[in-house]
There are 2 protein chains.
Amino acid sequence: MQTSRTHELTAEQIYAAVRSGGGRLTVPLRILVDVLIAGEDHPTADELIAAVESRTPGIAPSTIYRLLQRLEDAEVIEHIHVGRGPAVYHLRHNEHAHLVCHECGAIIGIPEATFDGLVRSIGRKYDFTIEPRHAALLGRCRRCVA
Amino acid sequence: MQTSRTHELTAEQIYAAVRSGGGRLTVPLRILVDVLIAGEDHPTADELIAAVESRTPGIAPSTIYRLLQRLEDAEVIEHIHVGRGPAVYHLRHNEHAHLVCHECGAIIGIPEATFDGLVRSIGRKYDFTIEPRHAALLGRCRRCVA
DNA sequence: ATTGCTGCAAACCTTTTGCAAGAAT
DNA sequence: ATTCTTGCAAAAGGTTTGCAGCAAT
């Protein structure tokens, strides 16, 4: 096993997480996990489908969607909703909230702790527990504010 | 013209806003505006389509979508994205940010000022201007936290 | 008379689902 | 041997678009 900085998950650890939930270790699962680990930060399902396809043709889009759900159930990944567009996915070892620029689509990850104050005050005032990781905050990045 | 508490927009004022942008005052537009003023707080496009249809049959869904866009361009209404589901619309005279429970779908309107601190600190740290009205914060309402 | 708006139908995009065959356990 | 997963294809949900005719200006 490789050494890992921070909480980087290895493919092996992810496989273990999937199996411990009774899941099977299939070829498409392995490929998707590799793509998730190696690929960019916030891929959409479509980008993942393309990446998997380019690596090993013949895997059905529906399979990717089902795998993504499986990985989410295993608490390995998480998806967030980005305004109107498709959901984006990311590994949970990399947990954070997101700022999304609705002009250029840039996604900025920020520490969840940024919301601590807001979580508390909204919890108190509205009896509502916000989960800042679950939906992005929309706005404009510096370049697009111009 | 009627007196109006707070900043309630009258239908007439909305018509004026639409016309000042070069838009025409059509029958479907009038009906939709009435529905928006009279109806519930956070309708989806689908609910608006149903409400318009029940009032005056024969108006195409695509017309409603185009009208909503027109009203949005005229800065009369605004839509927000609510996690995976369809967008919801509301009159801008009623501006606020939203908390959405992703268990039961409840929508809670909260004053935008709630975000003042966060807007400032995120602006400073990430060079990013969040627009809290534009996307809901997802979480769980009290009943669903149980 | 001009041109914006409408209804209709079809297309679109993202995601989900039914099903029979195949693969991991 | 069991039953979880897959590929395929179709469906579903929400929204957008092309087009010819109608209506507001």
Side-chain angles (χ1 to χ4, degrees), chain A residues 14-33 42-53 55-74 77-89 102 105 135-136, chain B residues 14-33 42-53 55-74 76-89 100 102 105 135-136:
Chain A
I14 294 176
Y15 299 161
V18 168
R19 296 185 100 151
S20 79
R24 291 177 183 180
L25 215 49
T26 63
V27 171
L29 194 262
R30 285 169 197 274
I31 298 171
L32 178 58
V33 167
H42 297 95
T44 61
D46 220 55
E47 289 163 349
L48 292 169
I49 288 165
V52 167
E53 170 71 19
R55 192 153 168 158
T56 309
I59 289 167
S62 58
T63 298
I64 305 295
Y65 280 105
R66 285 190 270 228
L67 286 175
L68 288 171
Q69 208 155 288
R70 209 130 73 74
L71 289 172
E72 204 154 355
D73 291 346
I77 64 171
E78 203 161 60
H79 73 272
I80 58 168
H81 300 289
V82 174
R84 62 174 10 34
V88 303
Y89 295 82
H102 53 55
Chain B
I14 294 176
Y15 299 160
V18 168
R19 295 186 102 151
S20 78
R24 291 178 183 179
L25 217 49
T26 63
V27 170
L29 195 260
R30 286 170 197 274
I31 299 171
L32 177 58
V33 167
H42 297 96
T44 61
D46 221 53
E47 288 163 351
L48 291 169
I49 288 165
V52 167
E53 169 71 19
R55 191 150 169 162
T56 309
I59 289 167
S62 58
T63 298
I64 305 295
Y65 279 105
R66 285 190 270 228
L67 287 175
L68 288 171
Q69 209 155 286
R70 208 131 73 74
L71 289 171
E72 203 154 354
D73 291 345
V76 168
I77 64 171
E78 204 161 58
H79 75 272
I80 57 168
H81 300 290
V82 174
R84 60 171 17 29
V88 304
Y89 295 82
V100 175
H102 53 57

field: Sequence-distant partners of B/Pro28, side-chain contact (heavy atoms from CB on, under 4.5 Å), two or more places apart
entry: B/Thr26, B/Ile59, B/Thr63, B/Leu67
message: Taking ring-ring contact (aromatic ring centres under 6.0 Å, His included) as the definition, give me every residue that meets it alongside B/His42, ordered by chain and number, with sequence neighbours left out.
response: B/His90, B/His96, B/His98
Test side-chain contact (heavy atoms from CB on, under 4.5 Å) applied to A/Ala17 - qualifying residues, sequence neighbours left out: A/Val76
field: Rounded to 10 degrees, the angle between the two terminal axes of the helix from C/dA1-D/dT25 to C/dT25-D/dA1, each from five pairs
entry: 30°
Residue closer to the 5' end of DNA chain C, A/Ala45 versus A/Arg19 (nearest nucleotide): A/Ala45
- line: Contact span of DNA chain C against chain B, any nucleotide atom under 4.0 Å from a heavy atom, 5' to 3', runs C/dT3 to C/dT16
message: Among residues at least two apart in sequence or on other chains, which ones pass side-chain contact (heavy atoms from CB on, under 4.5 Å) with B/Ala51?
response: B/Val35
task: Applying salt bridge (charged side-chain N to carboxylate O under 4.0 Å, His left out), name anything that partners A/Arg30, two or more places apart in sequence or on another chain.
output: none
- request: Identify, with sequence neighbours excluded, every residue that meets salt bridge (charged side-chain N to carboxylate O under 4.0 Å, His left out) alongside B/Arg66.
  value: none
- prompt: Who passes side chain to side chain donor-acceptor pair (under 3.5 Å) against B/Glu72, sequence neighbours left out?
  reply: B/His79
Separation of atom CD in B/Gln69 from atom C1' in D/dT17, rounded to whole Å: 11 Å
message: Within the 4.0 Å limit for protein heavy atoms, which parts of nucleotides 4-12 of chain D are touched? Write it as a string from 5' to 3', B for base, S for sugar-phosphate only, - for none.
response: BSBBBB---
statement: B/Glu47 meets the side-chain contact (heavy atoms from CB on, under 4.5 Å) criterion, sequence neighbours left out, with B/Glu40, B/Pro43, B/Thr44
